Amino acid sequence: MQVRPEKRERGKRRRAKNDQEAKGRERDEEEQTKIKSAKTTKTRKKEKSRKTEEEEGEGESEERNTKRKKKHGSAKKEEKEEDGGKRTVKEKAQDVKKKKHKKVVETSSEQETSEESSEDNEEEDNEEKEVRPESLSPEELEKLKEAVDERKKLIQGLRGKPWPMKKKLVTLRESQEFVEKYEGALGKGKGRKLYAYKVMMTKKWMKFQRDFENFKTACIPWEMKIKEIESHFGSSVASYFIFLRWMYGINMILFGLTFGLVMVPEALMGRPYGSIPRKTVPRAEEASAMDFAVLWDWGGYAQYSVLFYGYYNSQRAIGWLKFRMPLSYFLVGVGTVAYSYMVVIRTMARNANESGVGDDNSFNFSWKMFTSWDYLIGNPETADNKFASITTSFKEAILEEQESRKDDNIHLTRFLRVLANFLVLCCLAGSGYLIYFVVRRSQKFALDGLENHTWWERNEVNMVMSLLGMFCPMLFDVISTLENYHPRVALQWQLGRIFALFLGNLYTFIIALMDEINLKREEEKIIKFNITMWEASLYNSTVSENSTAPPVTIHPADVPRGPCWETMVGQEFVRLIISDTMTTYITLLIGDFLRAVLVRFLNYCWCWDLEAGFPSYSEFDVSGNVLGLIFNQGMIWMGAFYAPCLPALNVLRLHVSMYLQCWAVMCCNVPQERVFKASGSNNFYMAMLLVILFLSTLPAIYTIVTIPPSFDCGPFSGKKRMFDVIHETLESDFPAWFSKVFSYASNPGLVLPFILLMVLAIYYLQSTSKSYKEANVELKKKLQTQNEENKKKNKRAALKAQMDLEEARKAASQAAEQQNNNASLQEEETDGEENHGSNQRLHHSKNGRNPPPAAGEQECHPPATRAPVPRTYHHGNHGAPGYLPGFSRQSEPRMYRVPSLQRH
Amino acid sequence: MGNKQTTFTDEQLEAYQDCTFFTRKEILRLHGRYRELAPHLVPLDYTNNPDIKVPLTLIITMPELKENPFRDRIVETFSEDGQGNLSFNDFVDMFSALCETSPRELKTIYAFKIYDFNRDNFICKEDMEKTLNKLTKGELTPEEVTLVCDKAIEEADLDGDNKLSFADFENMISKAPDFLSNFHIRI
């Protein structure tokens, strides 16, 4: 804008000014006529009335163009004013401003009269070159300020207004113009520089925010992919992919944390590979350290790298930055967990806000009618399924409504359900035992030495866990057919069982791992003892041989070392993740893709219709997939402390999953026949995620707090406990008073009251929420009773009206008879008059006590859409929430419930 | 913008961003979609706000609307003339109101308008019957339809006038768990 030549600008401005004047006059006239004609208009807020005016003036593109020019001009003007530029320009601007201001003040008055506006009209013509901002009184300035603030609010809330776009655009432009001009006025004179500066900064800030927002949405990946899936499969399948993307985002951040603060600093600034024993492959393993089989098991060079806990050195500060490596490691571990908790809980809270409290069943039919269609569906097949499922759901609801169905054989069902649960429990126990058994066996193998065993024996644990995770849900599915539950209930049971299975498996795995940790620690003790002996002997030998010789340098690969249980734990988790990923992908390929291919191509030469019959195509299993994702994340949280590479691996996995599953779902799955969302909202899954997060951090924290770290590997080696890092940092890196304060703050005398306070706060909040809930229930009851009362009243009124009508009809018929008689006689005129009177009465009674539907029909205004805009259109847009903006006020005759402030 | 022809000026884009829930890129994409519907009718250059409308029959061929049983009503609701002819402004408005980020209140207002077939500012039995028949493709028997309509009115009608005013509708829909997730169209 600034680059434009000024002359042109000025010319335009002049033109614009003229236009504006003309328009202003026009508008005022319009306003006058309007006010005269319709005195009922109540102008609470000035924009409303302004908008009505503006609507008349809108439409012509010519005018719009001039306006745009004007906008340019005014922006420019403001700048010049700030620079203290030309006087003439200023004056012109002020004129316009003043006029605008006048207008606002005038329209904002509650009851404007036509005299006022006409007066104003004349004034406006006269005061062309008199007014200056300096001459504005403080009150006027205040008003101006208020008006502009209101405008700004309007601009911000514009997108949420149910107006047609044209009107929104016009309002926006007008408001922006107004704000700009007015802000120029405020920015003038002494003492207002700060204001001008502030305005400028907010403008820049807004611009930045918008750009940032644009950038952010541009960064969200896979939008189109998800859209495609949504239109093919509806929102429930798409919700899985959205969840996957969300998970990907979280893992990205976790990965950034570990990668940026732990792995990279260690790799760049820490001691290089081979400098100390923990960073070198031991002599015994050197030969096979680069073999693929070993690397695949994350042994060899992979084990002695930044990927695992054991590689990190306990040196307090590394590199020229004096980076506190152990502290950073610890804090990143804590931060990972803290961040995850924060994100999950925040999302849950947001979801809870968004999804209304729809747990009561009072609107069963209306909800089914108005909210069951999924507007995202864009695929004929899915649409057909949706139609069918909606129809069945209606039919079921009708059946339930007509009679609470009685199960004729309740005992059999009960027995079957108990049996099913028993079977499931057996399955769970069996799978738990199997895992425990396998882990114990693998320990035996590990003691023997892994090289003597086959691939299966080495990877038994992970494979068994993955296979169990794959086949047990199918088994549960079969078992649940015994139970004969409603599909929604059945889905919940199924989810609960799978959850229990996964959890059980994970915990058995952890318990077995704990055993192994204890074993390793025993081993470590022996080795530690041996090492001291070995060192002593080394020392002795050097001393005894010749005391003058330099100390023997031993290659770090030759130094004996402990088993380092932390790395072992990390490795286990990494292997678990890998095998889990592999099984997921392989089942996807075999179960979905191969099946689809077979069904598709064997269908040409098969005895029955494969596509419609038995195997058919698979459906996308939303709940199973979500559960898989959640448990995968749980494993990441659990293992991330001991294997910093886990988040990176997970990011990779999720990335591949996204593409693979998107492809698979589009090419080999069919839309679900019966769509049942699990418990309505995503919060069900979120709650599961939270539970898993809690359960998976529990063992990690337990190991960190209770088990002493290995003596010769990892960033905490040589310390008694891992969290001693904090103490150490406090003592050596912070001034003495700080650690003193910290120790005071952490003593029980302070901590206990604090905890007490928190408990009390929680109690208080809970009780208030309870009372709110009660109040809610109370209100609901009130509403219901009122509703019934209304209905009764209306019924009574309707009955009365009917009776009246009946009477009137009778009277009319009588009168008519009379009239007939009279007419035949043709004697008296008085009778005729009477007759007339009775006719009138009939009309009167009809209008006086008519039943409500008739009233509604009478008062309804033609179309609800925007086309013909009534004058009162805009007055309902603010304030009372009960009104549908855009509907005229009179169309709601009996709203006793909603206090309609504006009417009085 | 280099040698690329500009569709909108920066100001227009800013204005659209102020008035809708879309970002710059999405608005441009919307214009692309709009133009796809009638390439011979809609110009690439929109800087001078040409007054062009695309008829309903073309709009409802969009994959986003094609399968929707209420497609005609949606388009009619958002068209300025009430006949279903959409200008680009109306088009943007429609998808802005139906997008994911638009608030529940706005969606409620437009949902009410959509389900109000005869545009009398009330959802009466007639409207409900139409809704139901569209929703189930007419697979319910007339008795079932009447039953469902009666039930729905019984549930949601608070002022007892046997039809749903906006207040009733709002009250009902504000508690619906699926409304927000189902009543949106991604563009």
Side-chain angles (χ1 to χ4, degrees), chain A residues 61 64 155 158-160 162 164-166 168-169 172 214 217-218 227 230-231 235 354-358 362-363 365-367 369-371 373-378 380 383 387 390-391 394 398 680-681 783 787 790-791 794 852-853 856 860 863-867 882 884 887 891-892 894-895 898, chain B residues 15 18-21 23-25 48-49 63-64 66-68 77 80-82 89-90 92-93 103 106 109 112-113 115-116 119-122 131-132 135-137 139-140 144 147-148 151-152 155-156 158-162 165-167 172 174-186:
Chain A
S61 55
R64 216 170 285 162
I155 291 177
L158 203 57
R159 56 181 68 172
M165 180 63 75
K166 224 182 208 174
K168 276 197 260 188
L169 285 176
L172 174 75
N214 282 353
T217 42
K227 199 211 137 188
E230 258 176 350
S231 72
S235 58
E354 270 176 13
S355 62
V357 271
S362 53
F363 293 116
F365 281 99
S366 359
W367 283 348
M369 191 181 294
F370 293 117
T371 69
W373 183 260
D374 192 345
Y375 277 57
L376 286 165
I377 290 175
F387 281 126
I390 288 175
T391 312
F394 268 119
I398 289 169
S681 69
L783 265 181
N787 174 16
N790 281 347
K791 272 182 192 166
N794 281 326
C860 67
T865 39
R866 302 87 168 254
L884 175 60
F887 286 177
S891 63
E892 277 158 344
R894 56 195 93 253
M895 290 296 311
V898 184
Chain B
D18 271 326
C19 292
T20 65
F21 297 94
T23 61
R24 188 191 181 87
K25 205 173 128 196
N48 49 3
N49 283 316
E64 281 83 4
K66 200 175 64 203
E67 298 301 330
N68 198 318
T77 304
E80 197 151 14
D81 55 4
N89 281 342
D90 299 334
V92 174
D93 205 18
L106 192 67
I109 289 167
F112 184 78
K113 286 186 179 176
Y115 293 123
D116 181 15
R119 305 179 196 174
D120 62 351
N121 298 351
F122 286 99
T131 310
L132 210 55
L135 210 52
T136 55
K137 281 194 167 170
E139 300 226 341
L140 294 181
E144 282 171 328
L147 183 79
V148 171
K151 278 281 157 199
E155 284 164 2
L158 290 179
D159 46 10
D161 55 0
N162 273 328
S165 64
F166 179 66
M172 183 265 292
S174 67
K175 290 168 193 159
D178 290 339
F179 176 62
L180 274 191
S181 59
N182 279 345
F183 195 75
H184 91 253
I185 293 179
R186 200 186 288 257

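Just so we're clear, the structure is a prediction, and the values are computed from it rather than from any experiment. Chain naming here is simple, since letters A, B, ... match the order of the sequence lines and numbering starts at 1 in each.
- Proximity to chain B (any heavy atom under 4.5 Å) is restricted, for A/L172, to the side chain, taken from C-beta onward.
- The candidate from B/C19, B/P103, B/P63 with the greatest count of non-hydrogen atom pairs under 4.5 Å with chain A is B/C19.
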Test log, rule side-chain contact (heavy atoms from CB on, under 4.5 Å), inputs B/F183 and A/T371: CA-CA 7 Å; B/F183 195 75; A/T371 69; over 6 Å; no
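- Between the side chains of A/T391 and B/E139, no donor-acceptor pair is found at a separation under 3.5 Å.
- For chain B, the option among A/I155, A/L158, A/L169 with the highest count of heavy-atom pairs below 4.5 Å is A/L169.
- Interface residue B/L147: only side-chain heavy atoms are found under 4.5 Å from chain A.
- With a 4.5 angstrom heavy-atom cutoff, B/T131 touches chain A only via side-chain atoms.
- The choice from A/I377, A/I390, A/L376 that makes the most heavy-atom pairs within less than 4.5 Å of chain B is A/L376.
- Evaluated for a side chain to side chain contact (heavy atoms under 4.5 Å, CB included) with B/L135, the options A/F387, A/F394, A/F370 yield exactly one hit, A/F394.
- Taken to the nearest 0.5 Å, the CG atom of B/L132 stands 10.0 Å off from the CZ atom of A/F365.
- For the atom pair B/E144 CD and A/I398 CD1, the distance stands at 4.5 Å (nearest 0.5 Å).
- Nearest heavy atoms, A/G378 versus B/E67: C-CG, 3.6 Å.
- Between B/H184 and A/Y375, the shortest heavy-atom contact is O-CB, 3.6 Å.
- Interface remark: B/F179 contributes backbone and side-chain atoms alike to the contact with chain A (heavy atom separation under 4.5 Å).
- Among B/M172, B/K25, B/E64, the residue making the largest number of heavy-atom pairs under 4.5 Å with chain A is B/M172.
- Checked by atom type and distance alone, the side chain of B/E80 never pairs as donor or acceptor with a backbone atom of A/P164 at under 3.5 Å.
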Full working for side-chain contact (heavy atoms from CB on, under 4.5 Å) between A/K168 and B/N89: CA-CA 10 Å; A/K168 276 197 260 188; B/N89 281 342; over 6 Å; no
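- The shortest heavy-atom contact between B/A152 and A/S366 is O-OG, 3.7 Å.
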